[in-house]
Participant: 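Just passing along the structure, written as C-alpha cells.
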Amino acid sequence: MALPSTIAIDGPAGSGKSSVSFALAQRLGYLFVDTGAFYRAVTLLALRAGKDLSDSDGVAALARSAALDITGDLGSDGRQCTVLANGEDVTWEIHSPQVDAHVSIVAANPGVRQAMLAAQRALAARGRAIMAGRDIGTVVLPDADLKIYIDASLEKRAERRYAQRVGSGEPADLAQISEGLRQRDTIDSQRDIAPLLRAPDAVYLDTTTLSFEQTVEAAYQIVLGWDRHRPAPASAPPGQP
Ligand code: DC
C-alpha cells in the first residue's frame, strides 16, 4: 500500500507534536524534521554572537549566513534527530531555557523565516519525511500528502512539559511553565507572518485525554487511512471529461 511521502504535522508548544512525530517516523522509517530546531539554532547563534534580537535585519542576515542541517543520526543519547549549525552539533543546546525564552521573537522575524523556507522544503523534497512545526501545512508544504494538526489543552501541555523537565533532572515550576506556554501560544498564533494555524485540510487530533502510545497509534491510523483525508479533486465542469 502506498503511503504519503510528505506528512506535515502542526500544533502548539507542548502538544506532543515532536515526540509523536518522531515515534511515527520511527515506525514508518521516515526522516523526522523538527522545524522548531531551525529557529532554535538561529536563536542560539544570535545569542552567542551577542546580537540584539530586536534587530530584525541583523538576525535575518545571520540566519542567511548560517549553514543549518537536520539529519536522521540518532546517536546514543536519546536524541530524535541531529541538528547541525555551521557544522557544530547543537542538538541539545538549542533546548536550553535561554533559547526557550527568546526563540519566539526570532521565529516571528520574516527574514529569518524566508531564509529557513528553502532549507525546509529541500529536506521534504527528499521524500519519506515527517515535518513538524507551526506552519508546515499552511506555508512550508501546502501540498503535503497528509496534514495532521495535533492539539491539547494548555493545562495538559504544561503538565507534560513539567514532567519532561522533572524526568530529565531539570528544575521545573508548573505555574511558570504554563505561563511560558501561554505567552508562546499568543506570540506564535498572533504574529503577522506564518502564524500557528490549522490548515483547512488538516486532520485534527486532540490528545488531551490520550496517552502518548494512544496518540502515536491514532496518528498511525490516520497515516494508514490517508487516502480518505485527501481533498477531493475538483470536479470537471459539465461537458468536459
Ligand atoms: O516546537 P518548538 O518549541 O521547538 O518551536 C520553537 C519556536 O519556533 C516556537 O516559538 C515556535 C517556532 N516555530 C515556528 O514559528 N514555526 C515552525 N515551523 C516551528 C517552530
Side-chain angles (χ1 to χ4, degrees), residues 6-22 25 32-47 53-54 56 59-60 63 66 68 70 79-83 85 90-124 129-142 144 147-152 154 157-158 160-162 164-165 168 170 177-199 202 207:
T6 46
I7 303 176
I9 301 191
D10 291 301
S15 58
K17 173 189 69 213
S18 299
S19 29
V20 170
S21 300
F22 172 67
F32 165 54
V33 182
D34 174 10
T35 56
F38 284 91
Y39 301 101
R40 289 176 174 277
V42 173
T43 306
L44 176 69
L45 294 178
L47 289 171
L53 298 184
S54 60
S56 1
V59 178
L68 303 179
I70 295 188
R79 63 185 56 206
Q80 299 179 337
C81 58
T82 290
V83 184
V90 293
T91 310
W92 292 114
E93 207 178 339
I94 58 170
H95 288 281
S96 70
Q98 221 210 347
V99 171
D100 267 358
H102 295 96
V103 66
S104 282
I105 300 170
V106 173
N109 179 326
V112 171
R113 298 202 78 86
Q114 189 57 38
M116 298 299 109
L117 202 54
Q120 293 175 2
R121 287 185 176 155
L123 278 174
I130 296 186
M131 187 164 277
R134 303 292 191 288
D135 61 336
I136 309 305
T138 50
V139 176
V140 182
L141 304 176
K147 302 176 186 179
I148 304 177
Y149 188 92
I150 297 192
D151 209 355
L154 175 64
R157 290 187 283 129
R160 288 179 186 155
R161 271 285 149 95
Y162 176 79
Q164 232 172 30
R165 291 252 161 93
S168 53
E170 294 169 48
I177 290 176
S178 177
E179 180 53 22
L181 284 176
R182 200 189 57 73
Q183 283 176 11
R184 277 175 54 193
D185 281 356
T186 307
I187 299 178
D188 292 343
S189 54
Q190 293 183 0
R191 67 183 180 213
D192 291 337
I193 181 160
L196 168 63
L197 208 60
R198 178 182 161 195
T207 71

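The structure presented is a predicted model; accordingly, all values stated were derived computationally and were not measured. Counting starts at 1 for both ligands and their atoms, following the listed order. Side chains included, hydrogens not; waters and symmetry mates left out as well; all remaining heavy atoms used.
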Participant: Quick check for you: to the nearest 0.5 Å, what is the distance between Arg157 atom CZ and Arg161 atom CZ?
Facilitator: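 Result: 9.0 Å between the selected atoms.
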
Participant: Starting from atom 19 (C) of ligand 1, find the nearest protein heavy-atom neighbour and note its residue, name and distance.
Facilitator: Thr35 OG1, 3.4 Å

Participant: Which atom names give the shortest non-hydrogen contact between Leu53 and Ala46, and what distance separates them?
Facilitator: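 Where Leu53 meets Ala46 most closely, the heavy atoms are CD2-CB, 3.6 Å.
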
Participant: What is the closest protein heavy atom to atom 4 (O) of ligand 1, and at what distance does it sit?
Facilitator: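 Of the protein heavy atoms, Arg40 NE, 2.7 Å lies nearest.
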
Participant: Number the atoms of ligand 1 from 1 as they appear, then name those within less than 4.0 Å of a heavy atom of Arg113, with their elements.
Facilitator: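 Every atom of ligand 1 under 4.0 Å from some heavy atom of Arg113: 14 (C), 15 (O), 16 (N), 17 (C), 18 (N).
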
Participant: Considering the heavy atoms of Asp188, write down every atom of ligand 1 situated less than 4.0 Å from one of them.
Facilitator: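 Listed by number with element, the hits are 9 (C), 10 (O), 11 (C).
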
Participant: Can you name the atoms of ligand 1, numbered from 1 with element, that are less than 4.0 Å from a heavy atom of Lys17?
Facilitator: 1 (O)

Participant: Check whether the side chains of Gln98 and Ser96 place a donor and an acceptor atom closer than 3.5 Å, and report yes or no.
Facilitator: no

Participant: Relative to ligand 1, is His95 under 4.0 angstrom through side chain, backbone, both or neither, heavy atoms considered?
Facilitator: neither

Participant: Report the nearest protein non-hydrogen atom to atom 12 (C) of ligand 1: residue, atom name, distance rounded to 0.1 Å.
Facilitator: Ala107 CB, 3.6 Å

Participant: Rounded to the nearest 0.5 Å, how far does CG of Asp100 lie from CG of Leu181?
Facilitator: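 Nearest 0.5 Å value for the CG-CG distance: 9.0 Å.
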
Participant: How far apart are the closest heavy atoms of Gly133 and Thr35, and which atoms are they?
Facilitator: CA-OG1, 3.3 Å

Participant: Has ligand 1 got any nitrogen or oxygen that is less than 3.5 angstrom from a nitrogen or oxygen of Asp135?
Facilitator: yes

Participant: Tell me: protein heavy atom nearest atom 1 (O) of ligand 1, and distance?
Facilitator: Arg134 NH1, 2.9 Å

Participant: Any donor-acceptor pair under 3.5 Å linking the side-chain atoms of Arg160 with those of Ser19?
Facilitator: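 No.
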
Participant: Which heavy atom of the protein is the closest neighbour of atom 20 (C) of ligand 1, given with residue, atom name and distance?
Facilitator: Gly36 CA, 3.5 Å

Participant: Is there a heavy atom in Arg191 that sits closer than 4.0 Å to ligand 1?
Facilitator: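 The answer is yes, since Arg191 has a heavy atom less than 4.0 Å from ligand 1.
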
Participant: Name the one of Gln120, Arg134, Met116 that satisfies side-chain contact (heavy atoms from CB on, under 4.5 Å) with Val140?
Facilitator: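 Running side-chain contact (heavy atoms from CB on, under 4.5 Å) over Gln120, Arg134, Met116 with Val140 returns exactly one hit, Gln120.
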
Participant: May I ask you to decide whether Arg40 forms a salt bridge with Asp34, counting only side-chain N to carboxylate O separations under 4.0 Å?
Facilitator: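 A salt bridge is absent here (no side-chain N lies under 4.0 Å from a carboxylate O).
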
Participant: Side chain, backbone, both or neither: which part of Ala13 has a heavy atom under 4.0 Å from ligand 1?
Facilitator: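 Contact part for Ala13 vs ligand 1: neither.
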
Participant: So, are Asp135 and Arg113 salt-bridged, with charged N and O less than 4.0 Å apart?
Facilitator: yes

Participant: Do me a favour and list the nearest non-hydrogen protein atom to atom 3 (O) of ligand 1 with residue, atom name and distance?
Facilitator: Arg184 NH2, 2.6 Å

